[in-house]
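Right, one structure below, let's go through it.
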Amino acid sequence: MLQSIIDRSRRIVFFGGAGVSTASGIPDFRSAEGLYSREYEGLTPEMILSKSFFYLHPEAFFAFYRKYMVHPEAKPNAAHRYLFELEKRDKLRGIVTQNIDGLHKAAGNRRVYEIHGSVHENHCLDCNAFFPLDAIMQADGIPRCRHCGGVIKPSVVLYGEGLDKYVTIGACREISSADTLIVAGTSLSVEPAASFLDYFNGKNLVVINKEPTPADSKASLVMRGDVADILGKLK
Ligand code: NAD
Ligand code: ZN
């Protein structure tokens, strides 16, 4: 069924979340074994990964961020690899991802909209100099700019921060011109990302997720299972 939708589609867009990367060993937020099931000295991950916490307690922010949010050893899984194949065949118009792990780009995809940013992009808050992930991982405590001494901030969207305007426009444009939208590995509980789906007016809305999602009732096909397993079996 999914195979025949893909065979018939010419402009597929993939909209994904943390569940796309769990098979690569990166925990999601809301599954039973996800990060939200734990508490960190009375704080939730949502509190720690917020704009206000970053500015008030940068040291604690970076300790949590390095330990739980960055997985330099993670490799693309069968889902990422299949999407690269689809892009090479010119069927996949773009990937809109909420993930910050950079694994779609690592798999080779070029048309990737990282709407929540990427751990691989970091900037000095004072002079705006760019830094790779190493600058965050190798620093002791708060990472500092080697040019001006300013704090280096990961260019990931924290709770309380807005999305990049150009990335948002590009992502919504791709979704609005897709004939098939595959939504996978996301609880669709983070806004405004989840409402990007409203721009879709193509033929096939496919949802692949381990748990029910708010998009299921609108979908032409709902598949309850592991996204890496399901995509990895397709041609
Ligand atoms: P979420 O944790 O809220 O939801 C993940 C969903 O994926 C759940 O419904 C779960 O049942 C499902 N799922 C988990 N593993 C799956 C699998 N193998 N196959 C199919 N479904 C699977 O994640 P979200 O909706 O992406 O929202 C969380 C936010 O946290 C995002 O904005 C993202 O930026 C961030 N985040 C990113 C990463 C990452 O970069 N890999 C990891 C954790 C959180
Ligand atoms: Zn600087």
Side-chain angles (χ1 to χ4, degrees), residues 14-38 44-46 48-50 64-65 68-80 82 95-106 112-131 133 135 142-159 161 163 167 182-197 206-216 222-232:
F14 182 87
F15 181 97
V20 175
S21 293
T22 49
S24 296
I26 303 178
D28 66 3
F29 275 178
R30 290 174 188 81
S31 291
E33 62 283 10
L35 286 186
Y36 275 23
S37 60
R38 302 186 243 168
T44 63
E46 207 160 356
I48 299 171
L49 297 170
S50 70
F64 181 90
Y65 182 79
Y68 296 109
M69 299 310 294
V70 183
H71 301 267
E73 73 296 342
K75 299 271 181 304
N77 62 51
H80 301 100
Y82 179 69
I95 294 173
V96 179
T97 182
Q98 300 167 83
N99 293 347
I100 58 172
D101 53 40
L103 289 182
H104 288 297
K105 287 185 176 171
V112 185
Y113 298 87
E114 294 173 318
I115 59 176
H116 291 159
S118 167
V119 297
H120 297 289
E121 289 168 26
N122 305 278
H123 291 90
C124 169
L125 286 173
D126 289 339
C127 74
N128 212 31
F130 172 88
F131 291 92
L133 181 56
I142 302 169
R144 297 272 176 188
C145 174
R146 70 179 132 76
H147 310 291
C148 78
V151 174
I152 303 173
K153 180 181 176 294
S155 305
V156 302
V157 179
L158 301 177
Y159 290 96
E161 288 184 324
L163 272 52
V167 178
I182 302 175
V183 176
T186 173
S187 63
L188 294 175
S189 52
V190 177
E191 292 292 353
S195 57
F196 284 17
L197 266 50
V206 179
V207 177
I208 307 171
N209 208 62
K210 282 191 173 164
E211 294 162 342
T213 82
D216 293 4
V222 176
M223 298 178 82
R224 192 79 63 236
D226 184 301
V227 60
D229 255 14
I230 291 170
L231 294 190

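First listed ligand is number 1; within each ligand, the first listed atom is number 1.
With a heavy-atom cut-off of 4.0 Å, H116 touches ligand 1 through its side chain alone. With a heavy-atom cut-off of 4.0 Å, I26 touches ligand 1 through its side chain alone. By the criterion of a heavy-atom distance under 4.0 Å, neither the backbone nor the side chain of A228 is placed next to ligand 1. When heavy-atom distances to ligand 1 are checked against a 4.0 Å cut-off, V190 comes that close only through its side chain, counted from C-beta outward. Of the heavy atoms in T22, only side-chain atoms (C-beta onward) come closer than 4.0 Å to ligand 1. Residue S21 touches ligand 1 through its side chain alone, judged by heavy-atom distances below 4.0 Å.
Between the CZ atom of F15 and the CD1 atom of I95 there is a distance of 12.5 Å, given to the nearest 0.5 Å. From E161, atom CD reaches atom OG of S50 across 9.0 Å, with rounding to the nearest 0.5 Å. Note that CG of L158 and NE2 of H116 are 10.5 Å apart. Values are rounded to the nearest 0.5 Å.
For ligand 1, the atoms sitting less than 4.0 Å from at least one non-hydrogen atom of F29 are 2 (O), 28 (C), 29 (C), 30 (O), 35 (C), 43 (C), 44 (C), numbered in the order shown with element in parentheses. Counting atoms of ligand 1 from 1 in the listed order, those under 4.0 Å from a heavy atom of G17 are 26 (O). With ligand atoms numbered from 1 in the order given, ligand 1 contributes 18 (N), 19 (N) to contacts under 4.0 Å with heavy atoms of D226. Listed by number with element, the atoms of ligand 1 under 4.0 Å from a non-hydrogen atom of E211 are 8 (C), 9 (O), 10 (C), 11 (O).
Protein heavy atom in closest approach to atom 19 (N) of ligand 1: V227 N, 2.9 Å. Among protein heavy atoms, atom 13 (N) of ligand 1 sits closest to G19 CA, 3.7 Å. The nearest protein atom to atom 5 (C) of ligand 1, hydrogens excluded, is given as D28 OD2, 3.5 Å; this is a heavy-atom distance. Of the protein's non-hydrogen atoms, D101 OD2, 2.7 Å is the one closest to atom 41 (N) of ligand 1. Scanning all protein heavy atoms for the shortest distance to atom 43 (C) of ligand 1 gives P27 O, 3.5 Å. Atom 23 (O) of ligand 1 has A18 CB, 3.5 Å as its closest protein atom, hydrogens excluded (heavy atom only). The protein atom (non-hydrogen) at minimum distance from atom 25 (O) of ligand 1 is T186 OG1, 2.7 Å. Of the protein's non-hydrogen atoms, N209 OD1, 3.4 Å is the one closest to atom 12 (C) of ligand 1.
Ligand 1 does not have S24 within reach: every non-hydrogen atom of the residue lies 4.0 Å or more from it.
A donor-acceptor pair under 3.5 Å is formed between the side chain of H71 and the backbone N or O of Y68. Of the possible polar contacts, none joining the S24 side chain to the I26 backbone as a donor-acceptor pair under 3.5 Å is found. Of the possible donor and acceptor atoms, none in the side chain of E121 sits under 3.5 Å from a partner among the backbone N and O of P154. Between the side chain of N99 and the backbone N or O of D101 there is no donor-acceptor pair closer than 3.5 Å. Not one N or O on the side chain of S21 forms a donor-acceptor pair closer than 3.5 Å with the backbone of A18. Of the possible polar contacts, none joining the N209 side chain to the A184 backbone as a donor-acceptor pair under 3.5 Å is found. Checking side-chain atoms of R144 against main-chain N and O of I152 turns up no donor-acceptor pair under 3.5 Å.
The shortest N or O to N or O distance between I100 and ligand 1 is below 3.5 Å.
In this structure, F131 and H147 have tilted ring planes: the angle between them lies in the 30° to 60° band.
The number of heavy atoms from other shown groups lying within 6.0 Å of CZ (R224) is above 12.
Residue contact annotation: C145 places an N/O/S atom under 2.8 Å from the Zn ion (ligand 2).
Comparing heavy-atom distances from atom 20 (C) of ligand 1 across A184, G225, G185 singles out G225 as nearest.
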